[in-house]
Amino acid sequence: MIRTLVESAFQTGYLSVESEGLLHQVLVTKCWKEEDLSALAALYDAVRTGKIKREASPSNILMEFPLPYKSY
C-alpha cells in the first residue's frame, strides 16, 4: 500500500491529506515491509525539497519514519 500511495504522489505532484493519513495509519499499525521504506524515504525527500506539494498544512509534521532515517 505504501508504494501505491507514493507512486500516486509522484504521478500527481501532490500528497493528499487522505494519502498522508493512510501512510500514517500504515506506519502506526506496523503494516509495512522493509522495501516500503525506500519508497517512503523518496517521498519524504521529494516533499522536503518541494518536488511534491502537501495538501495538508506545511506546518504539520509530514511523518515519522519507523526506523532511523538518513537522507543521502
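- One finds the CG atom of L27 at 5.5 Å from the CG atom of L40 (value rounded to the nearest 0.5 Å).
- In terms of the side chain to side chain contact (heavy atoms under 4.5 Å, CB included) criterion, residue partners of E18 (sequence neighbours excluded) are, by chain and number, S16, E55.
- Not counting sequence neighbours, the partners of K30 by the side chain to side chain contact (heavy atoms under 4.5 Å, CB included) test are W32.
- Of all non-hydrogen atoms in L43 and A9, the two that sit nearest each other are CD1-CB, 3.8 Å.
- Partners of K53 according to the side chain to side chain contact (heavy atoms under 4.5 Å, CB included) rule, which considers only residues two or more places apart in sequence or in another chain, are Y14.
- Linking Ile, Leu, Val, Met, Phe, Trp and Tyr whenever their side-chain heavy atoms come within less than 4.5 Å puts V6 and M1 in one cluster.
- Applying the salt bridge (Lys or Arg N to Asp or Glu O under 4.0 Å) test to residues at least two apart or on different chains, the pairs with a partner in residues 1-11 are R3-D36.
- The OG atom of S19 lies 12.0 Å from the CD1 atom of I2; values are rounded to the nearest 0.5 Å.
- Atom-to-atom distance recorded for F10:CZ and L15:CG is 10.0 Å, nearest 0.5 angstrom.
- When atom types are taken as modelled, the side chain of S8 and the backbone of T4 share no donor-acceptor pair closer than 3.5 angstrom.
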